[in-house]
*Asks:* 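Have a look at this one before I ask anything.
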Protein chains: 2
Amino acid sequence: MTQERRLTAEDWAEAALEALGEGGLSAIAVEPLAARLGVTKGSFYWHFANREALVAAALALWEQRSTEAKIASLNAEPDPVARIRLLFSQAIELAGRDSAEINLRAASDNPLVQPLLRRVIQRRLWYTIDLFEQIGFSREEAIRRGAMAFTAYGGQSEITARFPGIMPIDEGGGIGAYVDSVLEVLLSGRPG
Amino acid sequence: MTQERRLTAEDWAEAALEALGEGGLSAIAVEPLAARLGVTKGSFYWHFANREALVAAALALWEQRSTEAKIASLNAEPDPVARIRLLFSQAIELAGRDSAEINLRAASDNPLVQPLLRRVIQRRLWYTIDLFEQIGFSREEAIRRGAMAFTAYGGQSEITARFPGIMPIDEGGGIGAYVDSVLEVLLSGRPG
DNA sequence: ACCTGAACACCGTTCAAGT
DNA sequence: ACCTGAACACCGTTCAAGT
């Protein structure tokens, strides 16, 4: 009834990614996952060399999907200023939804998670810097403002996601108003 | 020779705090610590109910000492603007030295670490906001700028500490110049 | 008052044997 | 080609017994 078919490596990776979102990195555990998949833990080692390889597979799934999702949602907006605003808003809101990312950040000391986050951060940081350059700031100034914007909204979204209720920005007009006020500061002295 | 005397709960807590700084939260492990202290792991349970209680003791030690250290180093500076600058610089530099804090942030999904970090973040955030109010901004604006400053330097220090080499701010004048440029943006439109 | 030593549970890993 | 089942290592936890 439950399932007759044999499992594949992808089945395990998908289950691991789910577990990551639900219970964090430590929830990617061979024995519990085997129970959930209805097999014995011994069978896991047919598909993967060890737990580390399973974690790596789950991380690869997440990286691919989260990157695609973020690019797709931003490509629709051509105006750089509006894009920055969208980036801010989405980073803050999405951070609360993508529990896999929340859990990944919380487990950033893991030797597999570390390089993954490094790649993701690097990509996002330079994307932000590029936007500030497109707006008209010099490369030097774009690096400063972009770095500031990136750290500010990254920190904002991380704190909001991991420590809900700690940021006082909801008192006024909510996230939208906060994003606008931050942007106002970040764009002060804009050339052109 | 090595040691004749019996151990106390504080000995275990100190050893745990050390292990936290060296190997992260998971390095607070009963068996390895027992070996390091020259006793069997069974003896640990005379002093603590379980591993969780040991972790809690180590965290309490860290919270007390790190809070004291930060207050002491800032109390010397009376000028609010200079204090903000000092806060920035120290946050970025100290983050690279206090490996216990780095490891705590990396393990922020732990149910004991979470409330600790919440307290610490809350304290630091409102301290920053207060400084912006002292400078002359309205409470509302101080909350926005303070939140922005806090997330910006918090994110900066976290990324610098955990992903060295990723932030491009070293190309120009180094951290000092970056802090100054961020402050310039954050203080734009300052009243009075 | 503090420690030993043996026992058990849980999870990662191996591997011979099954279908 | 994929899975079982038993074994072992490692670490957390318990507890009776030692000093």
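Letters A, B, ... are given to chains in the order of the sequence lines, protein chains preceding strands, and every chain is numbered from 1.
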*Asks:* Which is true for A35(A) with a 4.0 Å heavy-atom rule: it touches a base, it touches only sugar-phosphate, or it touches nothing?
*Replies:*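 Here A35(A) touches no strand at all.
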*Asks:* Atom CG of L54(B) to atom P of dT13(D): distance rounded to whole Å?
*Replies:*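 Result: 10 Å.
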*Asks:* Considering just the side-chain nitrogens and oxygens of Y45(A), establish if one lies under 4.0 Å of OP1 or OP2 belonging to dT13(C).
*Replies:*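 Answer yes for this pair, as a side-chain N or O of Y45(A) is under 4.0 Å from OP1 or OP2.
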*Asks:* Quick one: L33(A) CG to dG12(C) C1', roughly how many Å, whole number?
*Replies:*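 These atoms are roughly 13 Å apart.
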*Asks:* If you write DNA chain D from 5' to 3' in dot-bracket form, with Watson-Crick or G-U pairs under 3.5 Å, [ ] for crossing pairs and | for pairs with another strand, what do you get?
*Replies:* ||.|||||...|||||.||
*Asks:* Measure CZ/R51(B) against C1'/dG12(D) and give the value in whole Å, please.
*Replies:*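 Going from R51(B) (CZ) to dG12(D) (C1'), I get 9 Å.
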*Asks:* Could you tell me if the ring centre of F48(A) sits under 6.0 Å from that of W12(A)?
*Replies:*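 No, the ring centres sit 6.0 Å or more apart.
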*Asks:* Could you work out, with ring-ring contact (aromatic ring centres under 6.0 Å, His included) as the rule, every residue matching F137(B), not counting sequence neighbours?
*Replies:*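 By the ring-ring contact (aromatic ring centres under 6.0 Å, His included) rule, F137(B) matches no residue at all.
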*Asks:* Does T151(B) use its side chain to pair, donor to acceptor, with the backbone of A152(A) at less than 3.5 Å?
*Replies:*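 Between the backbone of A152(A) and the side chain of T151(B) there is a qualifying donor-acceptor contact (under 3.5 Å).
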*Asks:* Residues from residues 18-31 of chain B sitting under 4.0 Å of DNA chain D, heavy atoms only?
*Replies:*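 DNA chain D contact set from residues 18-31 of chain B: A29(B), V30(B), E31(B).
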*Asks:* Using nucleotides 1-5 of chain C, report all nitrogen or oxygen pairs with the protein that are shorter than 3.5 Å.
*Replies:*
from	atom 1	to	atom 2	distance (Å)
dC2(C)	OP2	W46(B)	NE1	3.2
dC2(C)	O2	R6(B)	NH2	3.2
dC3(C)	OP1	L7(B)	N	2.9
dC3(C)	OP2	H47(B)	NE2	2.7
dT4(C)	OP2	T40(B)	N	2.6
dT4(C)	OP2	T40(B)	OG1	2.7

*Asks:* For S99(A) and G21(A), indicate whether the former's side chain and the latter's backbone hold a donor-acceptor pair under 3.5 Å.
*Replies:*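 Yes, because the side chain of S99(A) sits within donor-acceptor range (under 3.5 Å) of the backbone of G21(A).
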*Asks:* Assess whether a salt bridge exists between R139(B) and E133(B), defined as any Lys/Arg side-chain N lying under 4.0 Å from an Asp/Glu carboxylate O.
*Replies:*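 Result for this pair is yes, salt bridge flagged.
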*Asks:* Of all residues at least two apart in sequence or in a different chain, which pass the ring-ring contact (aromatic ring centres under 6.0 Å, His included) check with F163(B)?
*Replies:*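 F163(B) satisfies ring-ring contact (aromatic ring centres under 6.0 Å, His included) with no residue once adjacent residues are dropped.
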*Asks:* Any salt bridge between K70(B) and E101(B), counting N to O under 4.0 Å?
*Replies:*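 Yes, this pair counts.
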*Asks:* Taking 4.0 angstrom as the limit, do R144(A) and E141(A) come out as a salt bridge?
*Replies:*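 Looking at R144(A) and E141(A), the cut-off is met.
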*Asks:* For F132(A), check ring-ring contact (aromatic ring centres under 6.0 Å, His included) against everything at least two apart and list the hits.
*Replies:*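 Counting only residues at least two positions away or on another chain, F132(A) forms no ring-ring contact (aromatic ring centres under 6.0 Å, His included).
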*Asks:* Do R83(B) and E77(B) sit within salt-bridge range, that is, some charged N less than 4.0 Å from a carboxylate O?
*Replies:*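 A salt bridge is absent here (no side-chain N lies under 4.0 Å from a carboxylate O).
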*Asks:* Within a 6.0 Å radius of atom CZ on R36(B), are there more than 12 heavy atoms belonging to other residues, nucleotides or ligands?
*Replies:*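 Above 12, so yes.
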